[in-house]
Amino acid sequence: MSVYLDNAATSFPKPRAVIEAAARALEEVGASPGRGAHRHAREATAIVADCRRKTAAILGVKDPDRVVFTKNATESINLVLKGWLRPGDRVLYSAMEHNSVVRPLSRLASQGVNIEVIPCSPGGAPDLGALTQMLRSEARLVVLVHVSNINGALMPVAEASEVCARARVPLFLDAAQSAGVQPIEAEELGIGMLACSGHKALLGPAGVGILYVRPDLDVLPLMEGGTGSRSEQLEQPEFCPDRYESGTPNLPGLAGLCAGIGYIRETGMDSIRNHEIGIAHYLENELWQIPGVRVLEPEKRGSGTVSFVVEGMNPADTGSILDQAFDIAVRTGLHCAPLAHRTLGTFPEGTVRVSPGFSTTIENIEYFLNGLRWIVTRRG
Ligand code: PMP
């Protein structure tokens, strides 16, 4: 058996419709969306428009033009942080953030932006009382991950958004791990900005990121260039999404993403989430039975992602035996989130992370557990 349990990095396998839509975009459409008036270009433009409409709908955004496509969540995050924060500004971010947030902020800190960490519980929940206190002094932005990429912890977004709204500070949500499994009502929740990936739970191919920016927030673009619109102008168009989308977009990626969201709608996001979280609960219970295994349980679970440590064993060794002896793909180490591991008490070794997807079965999990039991029995 070959078992893929690294869906938190990239979902695999993709639904058949995703592969077919991406292949069709390459084989039959082939053109640059928004550039040219011929049939191919028109069809490419229609695919992107359809993807934008579906993406807006799944994120709770009424106007599809507020949805911007980038190359990944990291680019969307950089765009917001660098296009919104200026030297002297103060930004608050949770102790569970990914390096896609922490590293750009470290760079900005070296340029005079004041960065401050919102403390989190040992399970990863942000301290909203502390956030309220911190917001008594002026701040320009609050950054919060929606679901942790380490232990699947679900953050109290509605409550955090309320705290931010009271202080009139925009909340920037990193929805990389939640989009596609957690319902998101970006506008209803009053989210300022939101970033996510197309290749995780939204089930699209790699190479597409998503960004939403509330209309009242004047975030500067990261790049300028050709947009296919207002070609007579020497300056970047001011309207969304063109303001932030320069250069030829990833048509096969967007066609695949559109089909991925279509698959989620047909299957039902609730049933996908219940399936993945059900698997996570089963896995957690079984893991606790294995001597020496400790599971990093979140206070509230928002995805199927489970992290654990085996006493006396380096996570990387466990992962490589699972891969080489059993053909099981898990992720080990720090998962690009050293700050979050410090919060959870698993720095610097990190954890073994198991992230099931919509097609993971209990048989897959049993196979993984048997492999792990074999490893644990022979350790030392
Ligand atoms: N934030 C979180 C919480 C993530 O899990 C990831 C992906 N590991 C990212 C940001 C970055 O996403 P991308 O790979 O699409 O840039």
Side-chain angles (χ1 to χ4, degrees), residues 68-120 124 126-127 130-146 148-150 155 157 160-161 163-165 167-177 186 190-197 209-225 236 238 240-241 243-247 334-343 347:
V68 172
F69 293 124
T70 60
K71 82 170 189 292
N72 48 40
T74 303
E75 186 182 322
S76 301
I77 293 167
N78 270 267
L79 194 161
V80 168
L81 298 178
K82 292 171 183 173
W84 179 248
L85 297 168
R86 295 287 163 264
D89 284 347
R90 178 167 170 260
V91 51
L92 314 177
Y93 62 108
S94 92
M96 286 298 285
E97 298 309 305
H98 190 274
N99 265 351
S100 293
V101 168
V102 178
R103 286 183 173 171
L105 285 181
S106 298
R107 164 78 170 269
L108 288 167
S110 74
Q111 297 168 349
V113 171
N114 301 306
I115 65 172
E116 279 175 46
V117 176
I118 308 158
C120 291
D127 183 340
L131 175 62
T132 309
Q133 285 292 334
M134 292 166 92
L135 284 172
R136 295 235 157 98
S137 313
E138 202 180 319
R140 176 99 167 131
L141 189 68
V142 171
V143 191
L144 183 63
V145 68
H146 190 183
S148 161
N149 64 314
I150 297 175
M155 307 302 174
V157 173
S161 182
V163 170
C164 292
R168 296 184 189 284
V169 177
L171 175 65
F172 178 22
L173 193 66
D174 174 357
Q177 294 293 334
I191 303 293
M193 307 88 159
L194 178 148
C196 64
S197 325
I210 296 153
L211 170 68
Y212 159 74
V213 178
R214 212 170 61 201
D216 60 307
L217 302 172
D218 185 23
V219 176
L220 294 179
L222 200 57
M223 294 193 302
E224 288 83 18
Q236 189 74 3
E238 287 290 318
C240 208
R243 188 180 192 199
Y244 304 110
E245 284 185 4
S246 290
L334 295 172
H335 320 108
C336 303
L339 178 66
H341 277 284
R342 284 182 192 275
T343 306
F347 186 86

| request: Can you spot which of Thr70, Asn72, Ile77 makes a side chain to side chain contact (heavy atoms under 4.5 Å, CB included) with Thr74? | output: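 The passing option is Asn72.
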| field | Partner residues of Arg140 under the salt bridge (charged side-chain N to carboxylate O under 4.0 Å, His left out) criterion, sequence neighbours left out | value |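 Arg140 satisfies salt bridge (charged side-chain N to carboxylate O under 4.0 Å, His left out) with Asp89 once adjacent residues are dropped.
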Kindly say whether [Y] contributes a backbone atom to a donor-acceptor pair with the side chain of [X] at under 3.5 angstrom?
X	Y	result
Arg214	Pro170	no
Arg243	Pro221	no
Glu224	Ser246	no
Glu245	Pro241	no
Gln236	Gly225	yes

How long is the straight-line distance from [atom2] of [Y] back to [atom1] of [X], given to the nearest 0.5 Å?
X	Y	atom1	atom2	value
Cys120	Met155	SG	CE	6.0 Å
Leu131	Ile118	CG	CD1	4.5 Å
Ile191	Tyr212	CD1	OH	8.5 Å

Close side-chain approach of [X] to [Y], heavy-atom, < 4.5 Å:
X	Y	answer
Phe172	Val91	no
Val145	His98	no
Pro126	Met96	no
Leu135	Val142	yes

How close do [X] and [Y] get, counting heavy atoms only, and between which atoms?
X	Y	result
Ser197	Ala73	OG-CB, 3.4 Å
Asp174	Glu97	CB-OE1, 4.4 Å
Asn78	Ser100	ND2-O, 4.3 Å
Lys82	Arg86	O-NH1, 3.2 Å
Val157	Leu173	CG2-CD1, 3.6 Å
Val117	Ser94	CG1-C, 4.2 Å

Identify each donor-acceptor pair in which a side-chain atom of residues 102-115 lies under 3.5 Å from a protein atom, sequence neighbours left out, and give them as a table.
from	atom 1	to	atom 2	distance (Å)
Ser106	OG	Val102	O	3.0
Ser110	OG	Arg107	O	2.5

| Would Leu339 and Tyr93 count as a side chain to side chain contact (heavy atoms under 4.5 Å, CB included) if you check the C-alpha gap in whole Å, the side-chain angles of each, and the deciding distance to 0.1 Å? | CA-CA 11 Å; Leu339 178 66; Tyr93 62 108; 3.8 Å; yes
| field | side chain to side chain contact (heavy atoms under 4.5 Å, CB included) between Val169 and Arg90, intermediate numbers included | value | CA-CA 11 Å; Val169 177; Arg90 178 167 170 260; over 6 Å; no
| request: Could you go through the side chain to side chain contact (heavy atoms under 4.5 Å, CB included) check for Phe69 and Ile210 one step at a time? | output: CA-CA 5 Å; Phe69 293 124; Ile210 296 153; 4.1 Å; yes
| Stepwise side chain to side chain contact (heavy atoms under 4.5 Å, CB included) test for Val68 and Val213 | CA-CA 8 Å; Val68 172; Val213 178; 5.7 Å; no
| Taking the six-membered ring for Trp, are the ring centroids of His341 and His335 within less than 6.0 Å of each other? |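 When the ring centroids of His341 and His335 are compared, they turn out to be within the sub-6.0 Å range.
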